[in-house]
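Reading through the structure tokens given below for one structure.
FYI, side chains are in, hydrogens and waters are out, and symmetry mates aren't considered; it's all heavy atoms of this structure. We name chains A, B, ... by the order of the sequence lines, and we start the count at 1 in each one.
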Protein chains: 2
Amino acid sequence: MLSKASKYAISAVIYLTNNSTIDKKLGSKEIAEAIEIPAPFLAKTLQQLTKKGIISSIKGPHGGFYLSEKNTDKTLFDIIDCVDDIEKFNSCYLSQNNCNENNPCVAHHIYAPFKDKLIRKLKTKTIIEMAEEFKQNSNLNNQIFAVLT
Amino acid sequence: MLSKASKYAISAVIYLTNNSTIDKKLGSKEIAEAIEIPAPFLAKTLQQLTKKGIISSIKGPHGGFYLSEKNTDKTLFDIIDCVDDIEKFNSCYLSQNNCNENNPCVAHHIYAPFKDKLIRKLKTKTIIEMAEEFKQNSNLNNQIFAVLT
DNA sequence: TCATAAAAAGATATTTTTATCTTTATATAT
DNA sequence: ATATATAAAGATAAAAATATCTTTTTATGA
């Protein structure tokens, strides 16, 4: 339901959180290889995230992407909204035009509460938290989460 | 979340249900105009639906699309599965690869029950029922449901 | 039998999304 | 200062989804 760009973004931000520091910035290629997604495409997405202040970057030698204090409180919601436009969640699940409480589509009454819970969750789930959960679930190999496709 | 093709299909089938009989078959152009969607594209979609027996068609003069007895028990699920592939509902909402009960994505525990309810609903919601609801909600004009976009 | 109207099938075109490539700007180290 | 590594920006390409156009098949009515 999310675009690939959004999924790449989530994956990359988690990787950054777990693998970069201000003294060890990561290049877009490096990240892309680690999480196995197309490097030039990710580069674009990282630019978007940087513009909106979700991650940080510095150009030049030893430059790259990293997380600073400004970025710590960002949520899953912020990433998705930055890349995809969160409105897609608010629109009718079956894309019926006039869908609302009085004129609900077939899915409306079951989608609405799900959507509300989801958005609440996305807004409270911080990147830090997510990254931590991923660490704990690093079941397979050390390339923890080539899991987002 | 559904493809446009699927939405067009739902819309067209409802229109057929409410406006065609075996003695008054409707051409794809006629349907497309009524529900305001691209005619040639709809034609393709109607072909798919016909192949799978969700609607019926006859070629030649006074031919067109209509519903026969064979079609009456079809559900919303059947339409979507025909055009889109219903598997998209079963995959992880955030497209995380190994998402499951033991390794759930952020949305998993809220998506799973929603999905189950939705699919159950889609499977029990017959076309006839939907069409009837639309009739009742024909709030605006007689072009009842150019509502699905 | 023939002309016609319509679906079916196939081919092509456009748009959107995803992916790649090239150039420019900038920070760092020498 | 200069060379270099890197992000940023811009341009282009490929793939997928959506839309259109053309030809073929088939049922109907004259």
Hey, where on DNA chain C does chain B first and last touch, going 5' to 3'? Cut-off is any atom under 4.0 Å from a heavy atom.
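Boundary nucleotides touching chain B, in 5' to 3' order, are C:dT4 to C:dA11.
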Counting only side-chain heavy atoms from C-beta out, which of D:dT28, D:dT20, D:dA9 sits nearest to B:P40?
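Output: D:dT20.
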Find the distance [X]:[atom1] to [N]:[atom2] and express it as a whole number of Å.
{"X": "A:L42", "N": "D:dT6", "atom1": "CG", "atom2": "P", "result": "15 Å"}
{"X": "A:K24", "N": "D:dT6", "atom1": "NZ", "atom2": "P", "result": "14 Å"}
{"X": "A:L26", "N": "D:dT6", "atom1": "CG", "atom2": "P", "result": "11 Å"}

Toward the 5' end of DNA chain C, by each residue's nearest nucleotide, A:G63 or A:P38:
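Going by which nucleotide is closer to the 5' end, it is A:P38.
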So what is the end-to-end bend of the helix from C:dT1-D:dA30 to C:dT30-D:dA1, with 5 pairs used at each end and the value given to 10 degrees?
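Rounded to the nearest 10 degrees, the bend comes out at 10°.
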Could a donor-acceptor pair under 3.5 angstrom be found where the side chain of A:K44 meets the base of D:dA9?
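It does, because a donor-acceptor pair links the side chain of A:K44 to the base of D:dA9 below 3.5 Å.
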For B:Y8 and D:dA19, is the shortest distance between a side-chain N/O and OP1 or OP2 below 4.0 Å?
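Indeed, a polar side-chain atom of B:Y8 lies that close.
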Considering just the side-chain nitrogens and oxygens of A:S57, establish if one lies under 4.0 Å of OP1 or OP2 belonging to D:dA8.
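Indeed, a polar side-chain atom of A:S57 lies that close.
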Check B:F65 against B:S20 and note the closest heavy-atom contact, atom names and distance.
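Nearest pair, atom of B:F65 first, then B:S20: O-CB, 4.1 Å.
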May I ask you to say what B:K51 touches in the nucleic acid, namely base, sugar-phosphate or nothing, with a heavy-atom cut-off under 4.0 Å?
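Sugar-phosphate, backbone atoms only, no base.
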Heavy-atom contacts under 4.0 Å between residues 64-74 of chain B and DNA chain C, which residues?
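Under 4.0 Å from DNA chain C: B:G64, B:F65.
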Check whether the side chains of B:T126 and B:T75 place a donor and an acceptor atom closer than 3.5 Å, and report yes or no.
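Distance-only check fails for B:T126 and B:T75.
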